[in-house]
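Report on the structure given below.
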Amino acid sequence: MDFDFSDDQEQLRDAVKKWVSKAYDFERRRNIVKSGGFSRDAWGEMAELGLMGLAVPEAHGGMGFGPVEAMVVMEELGRGIVLEPYAAVSLVATSGLAAYGSAEVQSAWLPRIAEGSALVVLAHQEREARHVLRHVKTRATESKGQWRVNGAKSVVPVGDQADAFLVPARVSGADDEAQGIALFLVERGAAGVATRGYALQDGSRAAEVSFSDSPATLLAGPADGLKALEAMVDVAIAAQCAQAVGAMDQLFAITVDYLNTRKQFGVPIGTFQALRHRVADMKMQLELARSMSYYATLKLGEPHELRRRAISQAKVQLGQSMRYVGQQSIQLHGGIGVTDEYIAGHYFKHLTCLELSFGDTLHHLGEVSERMQDTAGVFA
Amino acid sequence: MDFDFSDDQEQLRDAVKKWVSKAYDFERRRNIVKSGGFSRDAWGEMAELGLMGLAVPEAHGGMGFGPVEAMVVMEELGRGIVLEPYAAVSLVATSGLAAYGSAEVQSAWLPRIAEGSALVVLAHQEREARHVLRHVKTRATESKGQWRVNGAKSVVPVGDQADAFLVPARVSGADDEAQGIALFLVERGAAGVATRGYALQDGSRAAEVSFSDSPATLLAGPADGLKALEAMVDVAIAAQCAQAVGAMDQLFAITVDYLNTRKQFGVPIGTFQALRHRVADMKMQLELARSMSYYATLKLGEPHELRRRAISQAKVQLGQSMRYVGQQSIQLHGGIGVTDEYIAGHYFKHLTCLELSFGDTLHHLGEVSERMQDTAGVFA
Amino acid sequence: MDLNFTAEELAFRDEVRTWVRAHLPQDIAHKVHNDLRLTKDDLQRWARILGKKGWHGYGWPKEFGGPGWNAVQKHLFEEECALAGAPRIVPFGPVMVAPVIMAFGTPEQHRRFLPGIMSGEVWWSQGYSEPGSGSDLASLKTRAERKGDKYIVNGQKTWTTLGQYGDWIFCLVRTDTSGKPQTGISFLLIDMKSPGITVRPIITLDGEHEVNEVFFDNVEVPAENLVGEENKGWTYAKYLLAHERTNIADVNRAKRELERLKRIAKAERSGGRPLIDDLRFRDQIAQLEVDIVALEMMVLRVLSAERGGKKALDVAALLKIRGSEIQQRYTELMMLAAGPYALPFIYEAMEAGWQGDYVGAMHCAPLASTYFNMRKTTIYGGSNEVQRNIVAQMTLGV
Amino acid sequence: MDLNFTAEELAFRDEVRTWVRAHLPQDIAHKVHNDLRLTKDDLQRWARILGKKGWHGYGWPKEFGGPGWNAVQKHLFEEECALAGAPRIVPFGPVMVAPVIMAFGTPEQHRRFLPGIMSGEVWWSQGYSEPGSGSDLASLKTRAERKGDKYIVNGQKTWTTLGQYGDWIFCLVRTDTSGKPQTGISFLLIDMKSPGITVRPIITLDGEHEVNEVFFDNVEVPAENLVGEENKGWTYAKYLLAHERTNIADVNRAKRELERLKRIAKAERSGGRPLIDDLRFRDQIAQLEVDIVALEMMVLRVLSAERGGKKALDVAALLKIRGSEIQQRYTELMMLAAGPYALPFIYEAMEAGWQGDYVGAMHCAPLASTYFNMRKTTIYGGSNEVQRNIVAQMTLGV
């Protein structure tokens, strides 16, 4: 049992932190938001830092690092509320490709991801599913050795600019059956693919994506499709947890600083006990969140059922922490907290987006409830 | 719409308040607890005040007052955390007898209740029911025009000293079927009735009561039995709400007084802002509770479904308020709050008992959830 | 004690209901029911319709041209407007400055200002807060120096809601710095077209332009625009605060929005089934429903006491706290109901009649923005922390 | 980073587990697992068994006869004890006074006091709190006047847990009133059989005798029983507070009690069906489970840092707050699980082997009493309000 970061991990953290603080300040971020929410330039800079290949196997030009390194990077990107979909491409889609892609598929995509020249993202959200992953209406059929996909996916990260999508689609069964879901790769340029891009609440980029008889490459068959999807979602949630910890850490620091600076009734408002206790409660939520972010990351390698339960436990804590720290940061700032020109609100909006993604708090509490064992605890 | 009390109601309140503060002080209460939790003397004094016949129809020697007068009395009894089962006998059982008793049954019991010489109580709690009223395992069978009851009921107020019980028992159907429940009157002295008395957590008196082929008088048949039970339970909950408001009101006053008196670090602890905000939150819970207690009382006359929903809404608020005000009063007192010799803890225990009786907060939230309408509000 | 309204009250309600439903423009109601963006024109159209009926100043006594309603009637009017989907009456004129002018203004000021407020023609703004003063309002610094028959005003106000539309602004200004902060404040009515006034937008975190900074650079204000006595403005401001008691809880809007929440939860699906049938989410709505009923009961208690002319219950601070918490909660639950479909931010999708493709559904478009916007409710109008201070003060007596 | 224990740690755990399960008397474990009343004999029997093995002072370094375990090993020992159903080690001797004696006592004091603590023979009590001093511990008034080679002690201590069994008591006493409150305090070891000491029970709201008042009336204490220097007692008290870092969260007991909660929720029935299958109640357990895992992760982070000799994470106050809240929550949920069957108060039913008829079931009997009793956890050991002050102070830096 050891919660120290290695020297290499600390160096990685420093490199990302330095880039964020030097190259990704509030002003640049604001400009990226204005120009659509995704910057190829910033993406290129992150690639130059070597981040894109972090989780790509060495055989494909990456570094083959594990979840802890991913967590370190995500914390720092979260600290800077970086808009670019690093987790979506370099952790989530990469994990899916590496686990389920054929040698051919891997060679075609992983090196390009590692060098930052390809954007591949998971496209799974469906309109009537909400947070239920097995609810897949999108259908795939095979004819003459060619799979084709029909359906629509929502809120796909950089969906109007991605090169390819990983698409869960149903080959058999009713819409909400666990069986019968397969995983496909569909290129954006393929026939019948249409996208409609927009900004998200935190300023990042997403799109609606629809498929009409679009040719697709099978990655995981109906026996594995749901598991593949769940595994990718768990990678995404663990990454989100770390991202949220970074964002909360920074927002909390901003808030503490404000409390020590802002004066009312002739004294810094940080001297008022009611606000001080709020600070203590925020610190509590932050440290509980950090603890559960570690937990999520360190449990990613567990067997399916244990991993799913641990990830849901983590998302419950993170969801509660994000909401509390976010809301209270705004409250403690007072008026300036609700303005667009001040930075705190942007952290708050980002944290809200994270809470709503990949299953909200109540959803994951339900997952924990359903997976309850007689024993409990980290090692249960 | 009018929330004023009439002069008569104010006089009634004053009379009860005077008796409680003069005749039912902490010392006497402690002695009643020591001697088993029920005082015939105190009961007699309350009867002398005319309280026992409050809800008994005038034809049977009572005053035929309504829910508002009952609420007024319950608030004041709650303020003094009076142990005697006033609501159980004079409101709950009386309402059942008045609504479902034959002329004969009414003449036999109501005048005696009104004069304070008979204790009749509802005996409905069953071991596997928890808060589900329709779960009735106790069975009743008729033979040669005589009903006989078999089964066991728990936590019956003054069960070892009552003269008679109102007993829901099943004449047909499965244990948790809504149909097939009838309501009976069984005298404690009847054959096959056994009781085992004990104290409750707040010092009041209760008992386990069992029936073995005990002769019983039918009050409400299987078409009405569950409704009769529900109506009595709703009377009980409304009374409890008022009782809780009285108790909270007094406990809050005690706590505020303590905060203004107790010094730490050279100043009254009531000067610390974090505690002051707690006081504000307690005041909030108290006023919300008072509002919903009025609501419960004023909705008692509504049609069945509307009444049940309103009562559940009230119990949710009261349950939450009781827990918060009770727990925080102890917390704000610090060490002395957890001692037996100080009065605050006794209010806390009483409030805890009220919360657990006739369905706890979560149960009633479920009831509200199940009875949800498209609209909402007091008049919805 | 009686929970029901009297026959007269019910008749009054029916009258109001009939009139409101007949006169509220449907395009405006559509926007309100769907939380779409309201324009200045929307707000002013409704104000003028009310003004024509003599109801824009619905809280006014008859002597000033108001309907002279009692507390319960005012509540019923507010409720009917809210449930019908009327926009909130912009309070700065009819609800805030008018009662101060009535109570402390001269007959000349009555004649000059009240008709324009009642008719909805003249748009008023509020100039209280300053950058340095938040909860500590009395620390305000905007100066007004008396020069002959004029005041020369210099300084800055902020958080001026809808000030971009303002014709007039009522301001607390400092006319004396010698004594305690509260004692040197005056209440001034200022024409916003005066030279030297600059209004600068503040964009809030939902991307909307709702509040403003207002700068005063040697603005000349005729001395006749002073309300009451010089240096007594703090008293008038407190009077204004005390005037609005129950509507602060906004329980009528909460009831309307709870209905909307239920509509959304029926329309949204989770795993293919209506979200409202998901026990976990449904229970959240049930809890909110209880909270709203309890709040409404608290409001009704206050109304009953006020109508009876009895000493009003001192629960205004509690109503502010609870009302704002409930506002935040229902916007939060609506956002959570839509889940991922609350994430897209499409500015135009919050306009009525937008012809684009919604992500998810039209009802999803404004949810997150409103959630973000509503964070203000526990901050403005005296933050909930200040309100808790007030409750504690009243309760503890020190 | 690695969540798993090392092979050595796992081997250590197995060794401890085997030993504990072999040596913990089953009648004691039965009481602990069912929350029945523990006697002095129960506590002392277990203390002596541990003492014989050299584990009663399980946190002690080897030089003082302890096992010399690191932070993780101590945690594993605590966990194995808790899960096996061992009573908590009464901390006043081995956990609280012993480290102070080790750090600041004389070699003579080491020889005289430590063996009796390790063996479990000598029962220690704590004399810190006084009626007037609660959160403001430094305001204590019990005086100790030096007269020749003795101190004469006069005053009163309170909340002395299990002081009715005490052989010795360590006290903070005032030896100087001239300076700041903190500077005139000394740390004194007092034989409770000394003339002039009276122990008076305080009955808590659950009807139990767990705490006491201790009166000192001209009690003579040999000067050699002073630990460290006169007037430096505050420093030693703070050392003691800082010494106990993670066990304060009591997460191991929480894990055991969560299991008990689940057992109770399986046994209790709602409408004839197991309560644990009631989604609403089950979700409450699920939330608690998440809270316990998060607390455990926080504890493990601290342990890892401590074992690594790195600067410990400064989260002791957070662990106290969260640990006590969780303790209260699981006792609350257990009580709620039993519902009406938690209402009867039958004092004898909390004795092991009671032959009476339980109301409901044996597991129902102690639930409300424990719920009431646990209100203390957010009050004692520095109330949670004081802990929040500490966290804020550390965070805000002022």
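The analysis underlying the following values was restricted to heavy atoms, covering all of them including side chains, and did not include hydrogens, waters or symmetry mates.
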Counting only heavy atoms closer than 4.5 Å, note whether [X] contacts chain D via side chain, backbone, both or neither.
| X | value |
| --- | --- |
| Lys137(B) | neither |
| Asp176(B) | side chain |
| Ala199(B) | both |
| Phe265(B) | both |
| Leu275(B) | side chain |
| Gln331(B) | both |

Just verifying a value: how many Å separate [X] [atom1] and [Y] [atom2], rounded to the nearest 0.5 Å?
| X | Y | atom1 | atom2 | answer |
| --- | --- | --- | --- | --- |
| Tyr347(B) | Leu205(D) | OH | CG | 15.0 Å |
| Leu356(B) | Tyr341(D) | CG | OH | 13.0 Å |
| Leu336(D) | His363(B) | CG | NE2 | 13.5 Å |
| Leu333(D) | Leu362(B) | CG | CG | 9.0 Å |

Original post:
Yes or no on side-chain contact (heavy atoms from CB on, under 4.5 Å) for Arg323(B) and Glu332(D), after CA distance, side-chain angles and deciding distance?
Top reply: CA-CA 10 Å; Arg323(B) 202 184 299 179; Glu332(D) 184 171 284; 2.8 Å; yes

- Query: Does anything in residues 337-346 of chain B get under 4.5 Å of chain D by heavy atoms, and if so which residues?
  - Reply: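 Result: Gly337(B), Val338(B), Thr339(B), Asp340(B), Glu341(B), Gly345(B).
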
Below 4.5 Å from any heavy atom of chain B, which atoms of [X] appear? Answer side chain, backbone, both or neither.
| X | result |
| --- | --- |
| Pro131(D) | backbone |
| Ser135(D) | both |
| Ala138(D) | neither |
| Thr158(D) | neither |
| Glu208(D) | neither |
| Ala337(D) | backbone |
| Tyr371(D) | side chain |
| Ile202(D) | side chain |

### Query
Given the rule in the side-chain contact (heavy atoms from CB on, under 4.5 Å) test, do Asp136(D) and Lys263(B) qualify, once you have shown the distances and angles that lead to the verdict?
CA-CA 9 Å; Asp136(D) 183 11; Lys263(B) 288 190 178 184; over 6 Å; no

Just by modelled atom types, is the [Y] backbone N or O under 3.5 Å from a matching donor or acceptor in the [X] side chain?
| X | Y | result |
| --- | --- | --- |
| Glu128(B) | Gly271(D) | no |
| Arg280(D) | Leu365(B) | no |
| Gln264(B) | Gly134(D) | yes |

Heavy-atom nearest pair, Ser369(D) first then Gln201(B), reads OG-OE1, 4.1 Å

- request: Indicate yes or no: does Arg130(B) engage Asp278(D) in a salt bridge with an N to O separation below 4.0 Å.
  value: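 Salt bridge flag = no for Asp278(D) with Arg130(B).
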
Note: vs chain D, highest number of non-hydrogen pairs under 4.5 angstrom among His333(B), His131(B), Gln327(B), Glu126(B) is Gln327(B)

(Q) Taking every non-hydrogen pair under 4.5 Å, which of Gly339(D), Ala342(D), Ser270(D) racks up the most with chain B? (A)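 Among Gly339(D), Ala342(D), Ser270(D), the one with the most close pairs to chain B is Ser270(D).
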
If you define the side chain from C-beta out and look only at heavy atoms, does anything of Arg269(D) sit under 4.5 Å from His135(B)?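 In short, these two side chains do not touch, never coming nearer than 4.5 Å.
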
Q: Could you tell me whether the side chain of Arg375(D) reaches within less than 4.5 Å of the side chain of Phe348(B), counting heavy atoms only?
A: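 In contact.
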
